[in-house]
Protein chains: 2
Amino acid sequence: MQIRMSDVARRARVSVTTVSHAINSTRPVAQETRDRILRAARELNYYRNASARLLVRGQGDSFGLIISDIENPFFPELIKAFQSAARESGFDVLLCTTNYDSDEARKAIQRMMENRVLGVALMTSQFDAALIEELVNNGTPAVRLDSGLAKRSVSDIRLDYSRGAGQAIAHLQALGHRRIAFVTGPNSRVSAVTYTNAILQALAEAGLPEPQIIEGNNRVEGGAEATRKLLAGNPRPTAILCGNDLAAVGALQVIQEAGLRVPEDVSVIGCDDIAFARHTTPALTTVRIPRDELGRHAFLSLFKMHNSKARRSAKLTVETELVVRRSTGRALGSEVLS
Amino acid sequence: MQIRMSDVARRARVSVTTVSHAINSTRPVAQETRDRILRAARELNYYRNASARLLVRGQGDSFGLIISDIENPFFPELIKAFQSAARESGFDVLLCTTNYDSDEARKAIQRMMENRVLGVALMTSQFDAALIEELVNNGTPAVRLDSGLAKRSVSDIRLDYSRGAGQAIAHLQALGHRRIAFVTGPNSRVSAVTYTNAILQALAEAGLPEPQIIEGNNRVEGGAEATRKLLAGNPRPTAILCGNDLAAVGALQVIQEAGLRVPEDVSVIGCDDIAFARHTTPALTTVRIPRDELGRHAFLSLFKMHNSKARRSAKLTVETELVVRRSTGRALGSEVLS
DNA sequence: CTCCAAATACCAAACGATTGCGGCAAGCGA
DNA sequence: TCGCTTGCCGCAATCGTTTGGTATTTGGAG
């Protein structure tokens, strides 16, 4: 059925042992012999059998990455960073998505384990803590990227929202905003509530009043709907913070459709800094989450754990940062002379 | 090191054979015994060894998908469609990206083959035809999604641009446009030249003059740059067609930054209909490529080939279609009374 | 009580590569 | 010529499952 090493060996008139060594460069093979072998392999269209190889070596060479939704523009950049970090070190990556479904999440973990990945990174909140525990008890390195609450048992890459949040609020305050509204992500998502808390705290520290809060769904439509409610209020907010950029896009749209101007009438701030944030009109001011760093660190951390056989690695923190574009401006009715 | 079936067997006091059958439901096992086995497996944290399984069965259960760039918003939707079609039929998918690099492409194919995928779908132009040939000669089913030129040897899902192109041109013509410019994708990309040809033909059939053509790169910056050139021309075009939506976004931006209005001064039409196309301002009129259909058909086609052991399957065609939004309007200086 | 079928469980041979160990031959110095 | 090193290469055990071919038990019919 398939072409085996022994076929190559026969054609090159050597033993399978030699073929193996020639192909993997695991032992010196006479130049002439090696050539003969490689030629035979090419002629026969031979590809190593990964399972046989993995079976006997007991160790594969790929790391797993589990994310929730590939269509969410947040993830691709993360995936790419993880992937290229892995490739740089000579590893493959096995990608699974959960689509926010805990059953699929379970399958994803199972697939990872059955394929004996060297470690797995997870960025998805809908997650049985128990499963992760098992994973770790198994000795498989794991990192979570989504966690605000630092679970003890798994190494995390902590995403620190406080800096970005602080900068966002300071920015708004400097522009004279006081009536600030906040469209959060779904409260079921850890990262969403972490961000919410960071914003609330920054607001408090700045001595600004509590914001009006509406729970959104981190999608364009959710942001749009929430914004409609906000605009109907009286007095309406002069600035709207959104749980992510997608929601902010919805906000932008609704505000402008209502005949109001951004940022003259209402300022908008997103979160994530997805690629499109710079192409909205006006370009979106947003709290940047450095996904490339996140992805790289995730891999590096896993890699270290794998090498050192440690169950946990040093906790890393990556910082958010406000990037100011054109969707924020001086608050209406705060025409201070300057 | 790892936990084997024999460990589970010992703990449940049965043979490995029975464990295997209990876990895979491949042969009846007494309810009581099965329970004992599954419990033991759970207690021991047992995961099947995929390699051993695959090795002996000779057949895996995943299909491969190779794309060029995960950050291009065109792809995620395609991936998802492919994935969910696969999952519905009980298969996994192995995803690889090439990043437009033919060396990585080679590695991707190799990974697919080494892992004995049941078939592979490719959407990436930078491709050694030779590699694909091999693949097919190996007996591994393959489909290309990017192909305008129908290679003989591989089954294709043909993407028919002519309908969408025709509709786009008709739409523009109806609005009174005659000075039409076209920002193409890179000429190295098959799909790009296919689209270009479709547009050119539609233009000719409509009796419209040849358009001014600028080669872009299918990215925002490319579209922006090309548009700057176009705007500097005299007379400037009243409508700009773009090779994809990303470029169209760049066009939109440049036009509006130049103080012109879309669509009053210049109309813009994109291609792809990425998720963000409906959220640009104004919302983008574009030639939709049905990525979900593309992904689904790709899998289905592979699946069929795999089942029937056929090397080729019926050629499918998926149609593009114009979706009209707000970035197109009546041509300047064509105020016909109606 | 005997016999048979059905149900259940086990034995052992694969699957295709890797790798420790050992063999052979050529080259070299004494 | 002998003995040793060095450079190549092959033998055969091994990895953890699956699965065709039996063996054993059980229950009921004759």
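Just so we're on the same page: letters track the sequence lines, and every chain starts at 1.
In this structure, His297(B) and Leu316(B) approach most closely via the heavy-atom pair CG-CD1, 3.8 Å. In terms of heavy-atom proximity, Val143(B) sits nearest to Ser301(B) at CG1-OG, 3.5 Å. The minimum heavy-atom distance between Thr97(B) and Gln83(A), with the atom names listed, is OG1-OE1, 3.4 Å. Annotation for Pro76(A) and Pro76(B): closest pair CG-CG, 4.4 Å, computed over non-hydrogen atoms. Closest heavy-atom contact between Thr33(B) and Thr18(B): CG2-CG2, 4.2 Å.
Atom-to-atom, CG of Leu54(B) to P of dT18(D) comes out at 11 Å; the value is rounded to the nearest Å. Atom-to-atom, CZ of Arg4(B) to C1' of dC15(D) comes out at 10 Å; the value is rounded to the nearest Å. The distance between atom CZ of Arg36(B) and atom C1' of dT8(C), rounded to the nearest whole Å, is 12 Å. In this structure, the CD1 atom of Ile23(B) is 8 Å from the P atom of dT17(D), given to the nearest Å. Here dT8(C) presents its P atom at 19 Å from CZ of Arg13(B), a figure rounded to the nearest Å. Rounding to whole angstrom units, CZ of residue Arg116(A) and C1' of dG16(D) are separated by 9 Å. Rounded to whole Å, the distance from CG on Leu55(B) to C1' on dA17(C) is 8 Å.
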Polar atoms only, N or O, under 3.5 Å: list the protein pairs with nucleotides 24-26 of chain D and their distances.
none

Polar atom pairs (N or O), protein with nucleotides 19-22 of chain C, under 3.5 Å:
unit_1: dT19(C); atom_1: O4; unit_2: Thr17(A); atom_2: OG1; d: 3.1
unit_1: dC21(C); atom_1: N4; unit_2: Arg27(A); atom_2: NH1; d: 2.8

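Of the listed nucleotides (dG10(D), dC10(C), dT18(C)), dG10(D) has the atom at the smallest distance from the side chain of Ser15(A).
Asn49(A) places a side-chain N or O within 3.5 Å of a backbone atom of Ser51(A) that can act as its donor or acceptor partner. Checked by atom type and distance alone, the side chain of Ser84(A) pairs as donor or acceptor with a backbone atom of Lys80(A) at under 3.5 Å. Here the side chain of Asn99(A) pairs no donor or acceptor atom with the backbone of Asp101(A) at under 3.5 angstrom. The backbone N or O of Ala50(A) sits nowhere less than 3.5 Å from a side-chain atom of Arg116(B) that would complete a donor-acceptor pair.
Note on Arg53(A) versus Glu114(B): no salt bridge recorded, every NZ/NE/NH1/NH2 to OD/OE distance being 4.0 Å or above.
Within the 4.5 Å cutoff, the side chain of Gln59(B) has heavy atoms near those of the His306(B) side chain.
Using a 4.0 Å heavy-atom distance criterion, Val19(A) is classed as making no nucleic acid contact.
Five base pairs at each end of the helix from dC1(C)-dG30(D) to dA30(C)-dT1(D) define two local axes, and these are offset by 50° (rounded to 10°).
For residues 31-44 of chain B, the salt bridge (charged side-chain N to carboxylate O under 4.0 Å, His left out) pairs, not counting sequence neighbours, are Arg11(B)-Glu43(B).
In this view, Tyr46(B) satisfies the ring pair (Phe, Tyr, Trp, His ring centres under 6.0 Å) rule with no residue, not counting sequence neighbours.
Listed by residue number, the members of residues 37-53 of chain B with any heavy atom below 4.0 angstrom from DNA chain C form an empty set.
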